[in-house]
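We name chains A, B, ... by the order of the sequence lines, and we start the count at 1 in each one. Values below: all heavy atoms of this structure, side chains included; hydrogens, waters and symmetry mates excluded.
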Protein chains: 2
Amino acid sequence: MSIRTSTRVRIYDVAAAAGVSIATASKALNDTGRMTDETRSRVKDVAARLGFRPNAMARALLHQRSFTIGLLTNDTYGRFTLPLMAGVSEALVDQGVSVFLCAIEDDPALAKIHVDAMLDKQVDGIIASGKRIDRQLPVDLENLSVPVVYAFTQAPENGVSLVSDDAAGSREAVEWLKGLGRQRIVHVTGPRSFASVEERAGAYRAAVGADAQVLFGTWSEQWGHEAVARLWDAAGEKPDAIFCGNDQIARGVVDALRERGVSLPADVSVVGFDNWEIVAEATRPPLTTIDMNLKELGREAGRLVLALAAGEAVAPGIRKLPCTLVVRQSCGGGPRS
Amino acid sequence: MSIRTSTRVRIYDVAAAAGVSIATASKALNDTGRMTDETRSRVKDVAARLGFRPNAMARALLHQRSFTIGLLTNDTYGRFTLPLMAGVSEALVDQGVSVFLCAIEDDPALAKIHVDAMLDKQVDGIIASGKRIDRQLPVDLENLSVPVVYAFTQAPENGVSLVSDDAAGSREAVEWLKGLGRQRIVHVTGPRSFASVEERAGAYRAAVGADAQVLFGTWSEQWGHEAVARLWDAAGEKPDAIFCGNDQIARGVVDALRERGVSLPADVSVVGFDNWEIVAEATRPPLTTIDMNLKELGREAGRLVLALAAGEAVAPGIRKLPCTLVVRQSCGGGPRS
DNA sequence: TTGAAAGCGCTAACAC
DNA sequence: GTGTTAGCGCTTTCAA
């Protein structure tokens, strides 16, 4: 019996304490091989008593599988990454898989360092995520020796990619407003240079028809204020609903309307996009908004990367996941039917 | 020469290609042992050409050191964790250390699963972090086989702990307001049940003196509104400055003052706490506020956990890191001298 | 100056 | 039913 008190208990210690060989101990603990039930349970008891936990490194070295994946993101703010991460983690934790989080800003050198570090640590796969779906991360992830899943960031040709269904979310918002009896629905959104802006605006136009009016601007509260000024200072009929490209714009819109004495939701309904709770819930009245279900997106990304790591075939291409309307008080209308 | 095309290149391959033994190859690459410079550089060239990267698992198994640490947090929102994480990552990345992020909500079972998984993976240390400094995480981290550093969460007796210096931050805010010539400074803050609320309020009282007036409430914009209503609807002299317990309260205060026609910063100065940019920058005018320097706190936590892992002695106890005043426009006054 | 061999903790063939 | 042994990729004595 070797003298190593301060260190972890190894399978060797379990075997010795149970009076069997380490092979038998291993088989007993992994429910493989054959032996009497008595031996198996004795070994298990001893292991439990000693607090034995197998060394994942040794296992990984043997199996070429580390039960570890890497999550790469350039979303320092975490607004998109955190819910995504929560989903990934949730999908993987009961498989015993842990997640390396690497925030790479937009620095290619830093990105490379992190990717190399993950590869050195033999991650089973990588999930690449970002803050917009029409930009690639500043690092080339093709032809890596491990599978890659792209979540909420642009994927290369033939990449396995997951995004939320912007168009469907947009349609959902418009339909909700229509269902409330709104007739003059305007869309106030971010910069045209964002693919999701065009996607949402396109779906909005298709749903609203000839009357469609889109105001492009920035992703800020201030732009929401300004857009309201433009709309209300113009001659002619005013909108009775505003569908906003994100929650910050929506908050600006709501504040501006209130300051003008426009009654919400009586006279005008406002829908946001993102369901960023810090913004949506602090708005007066709280925002009805579209949730991109990023946590579910993360779960799916976790499942996919694991499937890939296990050698299962996964069709490349872009998978669009549904958005959900979250009803608060900025539109009127009760909970959804 | 074995046939393994699809797999990573091992030191064996490098040795073979360079015509040396793996022992020599290893020494060459690690700048240990002795050999001719020619041999060493030849091996290095071959390794570079082959794109050799050592298997971190094998190394870890050998050295009992995984170059991996775990970051545990119950701050799902990420408001505190993300900057912290960024700092940790920054401090560790050039040491080749990667970070497992584990979001545990407030679920003891989940926490245990994650901690066990990290331990199985032989992390070199753990950083425990949270969303308030007067609550412990729902898991016992004492007597683990690896070092633990507590950052922005309550540590057990004798833990190594890092928090921001709330009292100093509070003093800084008050001094700034005094320096601007403000005479009637009120403090509007969160619930008394938070240690940091008492800490900040105490320092505020000490700095302001007999006139000190503290309004306790919740951490919300709404409470900011309500506090202004109380203060301005009361008889007597009005405050000329409000120091708020966080940025959300400050935003509520600023909005309420504007709605009352009080001119900011001409008549009243407002200081927030947290420097949560999404809130501070969207406020009109943008908030002057106290930054807790969580990123630096993260860096320090990373350094400490590494020192501990390396066996260096680190004195237990609470380390308070300084806060910084960030000047925007809600107080008047130029950039700091 | 270089190389053979042992071993980190574990699992899986293969003997017995 | 149980044990012996080889080996995952690497570093490190120790011998040549």
### Task
Mind running a 4.0 Å heavy-atom check of residues 36-49 of chain A against DNA chain D and sending the residues that fall below it, in number order?
A/Thr36, A/Thr39
Write out all pairs satisfying salt bridge (charged side-chain N to carboxylate O under 4.0 Å, His left out) with one or both partners inside [range], taking only residues at least two apart or from two chains.
{"range": "residues 86-95 of chain B", "result": "B/Glu90-B/Lys295, B/Glu90-B/Arg299"}
{"range": "residues 300-322 of chain A", "result": "A/Glu199-A/Lys320, A/Glu296-A/Arg303, A/Glu300-A/Arg303"}
{"range": "residues 99-108 of chain B", "result": "B/Asp106-B/Lys131"}

### Separation of atom OH in A/Tyr12 from atom C1' in D/dT4, rounded to whole Å
14 Å
Applying salt bridge (Lys or Arg N to Asp or Glu O under 4.0 Å), can you list everything that pairs with [X], at least two apart in sequence or on another chain?
{"X": "A/Arg65", "value": "A/Asp124"}
{"X": "B/Asp140", "value": "none"}
{"X": "A/Asp134", "value": "A/Arg132"}

### Task
Give a yes or no on whether a salt bridge exists between A/Asp116 and A/Lys112, defined as a side-chain N under 4.0 angstrom from a carboxylate O.
yes
### Query
Which angle, to the nearest 10 degrees, lies between the helix axes at the two ends of the helix from C/dT1-D/dA16 to C/dC16-D/dG1, each defined by five pairs?
50°
### Query
Taking only residues two or more places apart in sequence or in another chain, which ones pass side-chain hydrogen bond (donor to acceptor under 3.5 Å, both in side chains) with A/Gln122?
B/Arg8
### Query
For C/dG9, does OP1 or OP2 lie under 4.0 Å from any side-chain N or O of B/Gln64?
yes
### Query
What is the per-nucleotide protein-contact pattern of nucleotides 11-16 of chain C, from the 5' end, where B denotes a base atom under 4.0 Å from a protein heavy atom, S denotes such proximity for sugar-phosphate atoms only, and - denotes neither?
BBB---
### Message
Test of understanding: with side-chain contact (heavy atoms from CB on, under 4.5 Å), list the residues that count as partners of B/Ser26, not counting sequence neighbours.
### Response
B/Ile11, B/Asn30
### Message
Considering only residues two or more places apart or on different chains, which pairs with a residue in residues 32-41 of chain A satisfy side chain to side chain donor-acceptor pair (under 3.5 Å)?
### Response
A/Thr36-A/Thr39, A/Glu38-A/Arg42
